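All values derive from a computational prediction rather than experimental measurement.
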Amino acid sequence: MGERLVELEVLRYHPETDTEPHFQRYSVTCREEWVVLDALNHIKETVDPTLSYRWSCHMAVCGSCGMMIDGEPKLACKAFVRDYQGVIRVEPLAHFPIERDLVTVIDDFMAKLARVRPYLIPKQDKPLSEGEYRQTPAELNHFKQYSMCINCMLCYAACPEYGLMPKYIGPAAIALAHRYNQDSRDGGREQRQQEIAATEGVWECSFVGACSEVCPEHVDPAGAIQQVKIKSTVDWYTQHLMPWLKK
């Protein structure tokens, strides 16, 4: 099984001792099938136990190991070492405050996620005795793509608008709101529109499309945002030019 010596340049920051982040270089003998996460785990286990980062499943499901690898937002568990030449630079996700080493503070993302009400709001409540809220396969397919988000936040690290305007709700939260707005069982669109159709919502997006390019689950948040723009524009014209349709 092939092996080669790989150098990783990892951003380090310990708030207890460091005044600012700095890079530390590690030389690691990596196997052919290793991903960057394997290399980081090897460093932590055999070289430097003080290295801090997030990871959980190692299967591109949990979204925990998002970081910047050679300047691109990636899941460390999907970034194969064999695809990189020279020194591999590993940094925490862009546009988020650094808590420690590769660990970022995600409070802003979590707060914005809560604002869009990412859960079903039934059109009308019914007792359990009446059974479940039924849905056809075609109705499921209408929103299924947007339900695949794993909250890895790669799209936020790739989004130039979020980097320039931190108040922007951001691609993942808007895509998830769109997922529920498209759900035939849901009746909460009007509540979500107050957040996602506001100035800090979809209208901050300049359609760079970087969010969809880096999405590991092919959710296409950029497409969801443009669909929300279209629906919001229709809402405005309906309200101001054809108010009788609202009656």
Crowding at CD, Glu16 (>12 non-hydrogen neighbours, <6.0 Å) = yes
Would you indicate whether Lys144, at its atom NZ, is surrounded by more than 12 heavy atoms from other residues, nucleotides or ligands within a distance under 6.0 Å?
-> no
Would a single hydrophobic cluster contain both [Y] and [X], if residues Ile, Leu, Val, Met, Phe, Trp and Tyr are joined by side-chain heavy-atom contacts under 4.5 Å?
X      : Y      : answer
Leu40  : Tyr84  : yes
Val116 : Val228 : yes
Leu102 : Val35  : yes
Val10  : Tyr13  : no
Val87  : Tyr53  : no

About how many Å separate [atom2] of [Y] and [atom1] of [X], when rounded to the nearest 0.5 Å?
X      : Y      : atom1 : atom2 : result
Leu120 : Asp183 : CG    : CG    : 5.0 Å
Asp186 : Arg179 : CG    : CZ    : 8.0 Å
Glu213 : Leu154 : CD    : CG    : 13.0 Å
Cys215 : Met148 : SG    : CE    : 9.5 Å
Glu99  : Asp107 : CD    : CG    : 8.0 Å

For His95, enumerate each residue passing the ring pair (Phe, Tyr, Trp, His ring centres under 6.0 Å) test, keeping only those at least two apart in sequence or located in another chain.
-> none
I need the minimum non-hydrogen distance between [X] and [Y], along with the two atoms involved.
X      : Y      : value
Ile150 : Pro216 : CD1-CG, 4.3 Å
Pro21  : Ile98  : CG-CD1, 4.0 Å
Tyr133 : Pro122 : OH-CB, 3.7 Å
Cys152 : Leu93  : O-CD1, 3.6 Å
Lys44  : Leu51  : NZ-O, 2.6 Å
Lys229 : Cys205 : NZ-O, 2.8 Å

Among all residues two or more places apart in sequence or in another chain, which pass the side-chain contact (heavy atoms from CB on, under 4.5 Å) test with His142?
-> Gln182
Partners meeting side-chain contact (heavy atoms from CB on, under 4.5 Å) with Val6 (sequence neighbours left out) | Arg4, Leu8, Cys30, Val81, Ile88
For [X] and [Y], indicate whether the former's side chain and the latter's backbone hold a donor-acceptor pair under 3.5 Å.
X      : Y      : answer
Thr104 : Pro92  : no
Glu195 : Gly201 : no
Asp48  : Thr50  : yes
Glu7   : Ser27  : no

Would you tabulate the side-chain donor-acceptor contacts of residues 55-76 under 3.5 Å, counting partners in other chains and residues two or more places apart, or write 'none'?
from  : atom 1 : to    : atom 2 : distance (Å)
Trp55 : NE1    : Asn41 : OD1    : 3.4
His58 : NE2    : Asp38 : OD1    : 2.7
Asp70 : OD1    : Arg89 : N      : 2.8

Give me each pair satisfying ring-ring contact (aromatic ring centres under 6.0 Å, His included) with a member in [range], each pair once, sequence neighbours excluded.
range            : result
residues 62-82   : none
residues 99-122  : Phe109-Tyr156
residues 172-210 : Tyr146-His178
residues 17-46   : Trp34-His42

Do the side-chain N and O atoms of Thr29 and Glu3 include a donor-acceptor pair separated by under 3.5 angstrom?
-> no
Test side chain to side chain contact (heavy atoms under 4.5 Å, CB included) on Gln193 and Ser232 and set out the steps.
-> CA-CA 8 Å; Gln193 284 295 98; Ser232 299; 3.2 Å; yes
Does Gln24 reach the side chain of Glu9, with side-chain heavy atoms less than 4.5 Å apart?
-> no
Apply side chain to side chain contact (heavy atoms under 4.5 Å, CB included) to the pair Arg185 and Lys123, showing each step before the final yes or no.
-> CA-CA 7 Å; Arg185 302 163 296 177; Lys123 293 177 179 177; over 6 Å; no
Would you call Asp235 and Arg189 a salt bridge, using N to O less than 4.0 angstrom?
-> yes
Tracing side-chain links under 4.5 Å among I, L, V, M, F, W and Y, which residues wind up in one group with Val105?
-> none
For Asn181, all residues meeting side-chain hydrogen bond (donor to acceptor under 3.5 Å, both in side chains), sequence neighbours excluded | Arg192
Non-neighbouring partners of Thr136 that pass side-chain hydrogen bond (donor to acceptor under 3.5 Å, both in side chains), sequence neighbours left out | Glu139
Between side-chain atoms of residues 158-174 and protein atoms elsewhere (two or more places apart, or another chain), which donor-acceptor pairs fall under 3.5 Å?
from   : atom 1 : to     : atom 2 : distance (Å)
Glu161 : OE2    : Ser206 : OG     : 2.6
Tyr162 : OH     : Asp108 : OD2    : 2.5

